[in-house]
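Input: a single structure, listed below in structure tokens.
Reckoned from all heavy atoms, side chains included, excluding hydrogens, waters and symmetry mates.
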Amino acid sequence: MNINTNLELNTIAALAGKRDHLCVNQGDVIFQNGELGDRLYAVVSGEVQLNWGDHGVEIIGPGSSFGVGALVDPEHRRFGTAVALCNSELLEMNREEFLFAMQELPMFSLEMMHDLEQRLQRLKEQMAHR
């Protein structure tokens with residue numbers, strides 16, 4: 001685990017300690033492709049599979065967030081399907097809660113962008129190998 005991942009885990013844990021968690025069981029669908037989305041999720045514990053249809057599959061764990069597009073566009077439609085790979089705890093935030101979290105822990109937004117950049121790079125590499 002690199003230091004950036006460790007920081008992201010600590011920030012997610014700090015935020016999660018102040019909020020209720022969404023507990024999902026193995027196989028639970030968190031959201032489906034095409035659904036309206038109004039919140040993002042951060043993995044506190046466990047693993048989530050993001051299925052991008054013909055664009056591949058991604059597995060994320062503690063310290064990573066997903067569903068961020070919901071914070072940008074009020075009419076956001078989910079691009080993929082998110083499924084819990086095991087019993088997991090998620091931090092669930094709507095736009096207002098996210099903005100409040102950025103005030104509480106400003107590093108959260110920077111760490112989230114760092115995580116998203118790393119995930120984007122991995123997806124680009126996967127696409128290049130197809």
Do Met102 and Val68 belong together in a cluster built from hydrophobic side chains that touch within less than 4.5 Å? yes

Would you say Val29 and Val57 are hydrophobically clustered, going by side-chain heavy atoms of ILVMFWY under 4.5 Å? no

Shortest non-hydrogen separation from [X] to [Y] and the atoms involved:
X	Y	value
Ala82	Phe66	CB-CE1, 3.7 Å
Ser64	Asp115	OG-OD1, 3.0 Å
Glu47	Cys86	N-SG, 3.5 Å
Val24	Ala84	CG2-CB, 3.6 Å
His21	Val44	CE1-CG1, 4.3 Å

Just verifying a value: how many Å separate [X] [atom1] and [Y] [atom2], rounded to the nearest 0.5 Å?
X	Y	atom1	atom2	result
Ser88	Asp28	OG	CG	9.0 Å
Ser65	Leu71	OG	CG	9.0 Å
Leu116	Glu111	CG	CD	12.0 Å
Leu40	His76	CG	NE2	10.5 Å
Ile60	Leu50	CD1	CG	4.5 Å

Go through the side-chain N and O atoms of Gln121 and Glu125 and say whether any donor and acceptor fall under 3.5 Å apart. no

Can you confirm whether the side chains of Asn51 and Thr81 place a donor and an acceptor under 3.5 Å from each other? no

Return the set of residues passing salt bridge (Lys or Arg N to Asp or Glu O under 4.0 Å) with Glu58 (not counting sequence neighbours), or none when no residue passes. Arg119

Check the pair Glu117, Met113 against side chain to side chain contact (heavy atoms under 4.5 Å, CB included), reporting the backbone distance first and the verdict last. CA-CA 6 Å; Glu117 175 62 22; Met113 286 189 290; over 6 Å; no

Would you indicate whether the side-chain heavy atoms of Leu36 and Arg77 approach each other to under 4.5 Å? yes

Mind checking whether Val43 and Leu90 have side chains closer than 4.5 Å, heavy atoms only? yes

Stepwise side chain to side chain contact (heavy atoms under 4.5 Å, CB included) test for Val48 and Ile30: CA-CA 9 Å; Val48 173; Ile30 301 156; 3.9 Å; yes

Going by the side chain to side chain donor-acceptor pair (under 3.5 Å) test, which pairs reach into residues 31-42, not counting sequence neighbours? Tyr41-Glu92

